[in-house]
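Since the structure comes first, as structure tokens, the remarks are kept for the end.
Both counts, for ligands and for their atoms, begin at 1 and track the order of listing.
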Amino acid sequence: MIPTQVITISRHIMEQERKYPEASGEFSGLLSDITLAVKLIARDVRKAGLVNILGLTGSENVHGERVTKLDEYANRVLYDILGRTGHLCVLASEEAHSILTIPEGYPHGKYVFLFDPLDGSSNIDANATIGTIFSVQKRISAGGPGTLEDCLQQGSRQVCAGYIVYGSSTMFVYTTGHGVHGFTYDPTCGEFLLSHEDIKIPEKGKYYSVNEGNYHSWADDTKKYIDWLKETDKATGRPYGLRYIGSLVADVHRTLLYGGIFLYPGSVKKPEGKLRLLYEASPLAMVIEQAGGEATDGKTRILDIIPKDLHQRTPLIIGGKDEVGTAQRFLNT
Ligand code: FBP
């Protein structure tokens with residue numbers, strides 16, 4: 001039977017605004033700007049092999065990483081669309097060294113937008129799942145152009161967070177602090193339609209996700225936890241199966257739906273790990289917590305970490321309550 005009850009993102013957010021007037025504010029406008037931007041990104045991701053968008057730009061980003069053409073394109077599309085609509089006072093991107101101010105002549109709004117324009121860039125040319133991750137904060141500065149302080153807010157103050165996976169289908173997953181909802185893009189009507197309402201992460205899963213290639217650079221307690229996951233013990237559902245795509249957004253999306261745990265631990269040489277707090281760990285932590293899971297750096301809840309730097313890194317351990325609880329016990333022995 002053809003479903004007649006189709007709910008688009010803007011309709012969903014309007015319903016949320018009715019249910020939680022205090023929470024949503026002028027979100028429907030901001031969210032429809034985001035959906036327009038990611039529709040354009042998805043369009044070019046889908047035909048990446050046909051248009052000159054694969055490969056590298058030849059330049060490096062603030063992290064010394066080689067920038068891909070799709071990284072640069074996604075970064076520009078999000079800034080060009082979101083910077084001009086009057087909802088934002090400032091933006092910050094994983095790809096940009098410093099804060100991104102609102103273009104001359106455009107109004108300043110009350111929100112701050114932080115984003116990883118294209119996550120999983122190492123997988124682009126291999127046609128594996130990649131994504132976009134975003135976080136929205138309310139400004140703390142009085143008015144006019146936003147500031148660095150507006151961007152350096154702790155994750156628990158986020159008013160909205162989410163991600164888009166460009167995989168077998170394109171999915172938009174977001175939360176405004178009232179549950180996690182997933183929308184699948186239907187190219188025949190050009191809309192993201194509600195397909196996964198109020199997603200809850202399974203209490204206990206059967207997969208773990210980590211780059212085992214880094215095993216020898218880990219601290220002993222991390223090694224002990226990963227070894228424990230691989231031992232055989234029916235009562236605790238072990239051994240866990242290993243799943244690692246190498247795109248954070250894809251590995252966390254699978255963990256959200258199937259349960260289990262994703263880890264990007266620190267190493268002995270780099271105890272702060274690889275992933276970025278503001279653009280990757282914080283928004284995904286809000287999504288997973290809203291779905292009933294947990295996210296930590298091994299000691300502190302990710303959403304309680306107070307950012308000191310725009311490109312601060314953090315270890316990330318995220319997933320179901322059962323698994324993250326056990327991991328923390330190993331990491332705090
Ligand atoms: P970017 O692609 O946004 O730089 O993200 C970093 C990332 O690609 C994550 O998506 C992924 O989880 C991780 O790095 C993979 O790192 P590694 O190759 O060391 O396993």
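- A side chain to side chain contact (heavy atoms under 4.5 Å, CB included) with Pro117 is found for one member of Ile41, Ile133, Asn75 and no other, namely Asn75.
- Residue Gly120 has at least one heavy-atom neighbour below 4.0 Å for each of these atoms of ligand 1: 1 (P), 2 (O), 3 (O), 8 (O), 10 (O).
- Residue Asp251 does not touch ligand 1, judged by heavy-atom distances below 4.0 Å.
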Under the side-chain hydrogen bond (donor to acceptor under 3.5 Å, both in side chains) criterion, do Ser217 and Asn214 qualify, and how do the steps go?
-> CA-CA 5 Å; Ser217 70; Asn214 298 333; 5.0 Å; no
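- Ion pairing between Asp80 and Arg84 holds under the 4.0 Å rule for side-chain N and carboxylate O.
- Set against the non-hydrogen atoms of Glu94, the atoms of ligand 1 under 4.0 Å away are 3 (O), 4 (O).
- Side-chain atoms of Arg139 come within 3.5 Å of backbone N or O of Gly109 as a donor-acceptor pair.
- Between Phe134 and Phe113, the ring planes are parallel. Angles under 30° get that label, and only those over 60° would be called perpendicular.
- No side-chain donor-acceptor contact under 3.5 Å links Thr255 to the backbone of Gly259.
- A donor-acceptor distance shorter than 3.5 angstrom exists from the side chain of Thr57 to the backbone of Ser59, with no hydrogens or angles considered.
- A donor-acceptor pair under 3.5 Å links the side-chain atoms of Gln137 to the main chain of Gln158, judged by distance alone.
- Using a 4.0 Å cut-off to heavy atoms of Asp116, the atoms of ligand 1 that qualify are 3 (O).
- With respect to Asp198 and Lys200, a salt bridge is recorded, a charged nitrogen being found less than 4.0 Å from a carboxylate O.
- Residue contacts with ligand 1 do not include Asp71, since none of its heavy atoms lies under 4.0 Å from the ligand.
- Each of the atoms 8 (O), 10 (O), 11 (C), 15 (C) of ligand 1 lies under 4.0 Å from some heavy atom of Gly246.
- When only interatomic distances are considered, the shortest N/O to N/O separation between Leu275 and ligand 1 does not fall below 3.5 Å.
- Contact annotation: for Ser121 versus ligand 1, heavy atoms closer than 4.0 Å belong to both the backbone and the side chain.
- In terms of protein heavy atoms, atom 19 (O) of ligand 1 is closest to Tyr264 OH, 2.6 Å.
- We find that Glu289 and Arg301 are joined by a salt bridge, their nearest charged nitrogen and carboxylate oxygen being less than 4.0 Å apart.
- If you check which protein heavy atom lies closest to atom 16 (O) of ligand 1, you get Lys274 NZ, 2.9 Å.
- Atoms of ligand 1 found under 4.0 Å from any heavy atom of Leu248, numbered from 1 in the order shown, are 9 (C), 10 (O), 11 (C), 12 (O).
- At a 4.0 Å heavy-atom cut-off, ligand 1 does not touch Glu212 at all.
- Near Leu118, with a cut-off below 4.0 Å to any heavy atom, the atoms of ligand 1 are 3 (O).
- Within ligand 1, counting atoms from 1 as listed, the ones closer than 4.0 Å to a heavy atom of Arg276 are 1 (P), 4 (O), 5 (O), 6 (C).
- Residue-level proximity to ligand 1 for Asn211 is carried by the side chain, the only part with a heavy atom below 4.0 angstrom.
- The protein heavy-atom contact nearest to atom 20 (O) of ligand 1 is Tyr244 OH, 2.6 Å.
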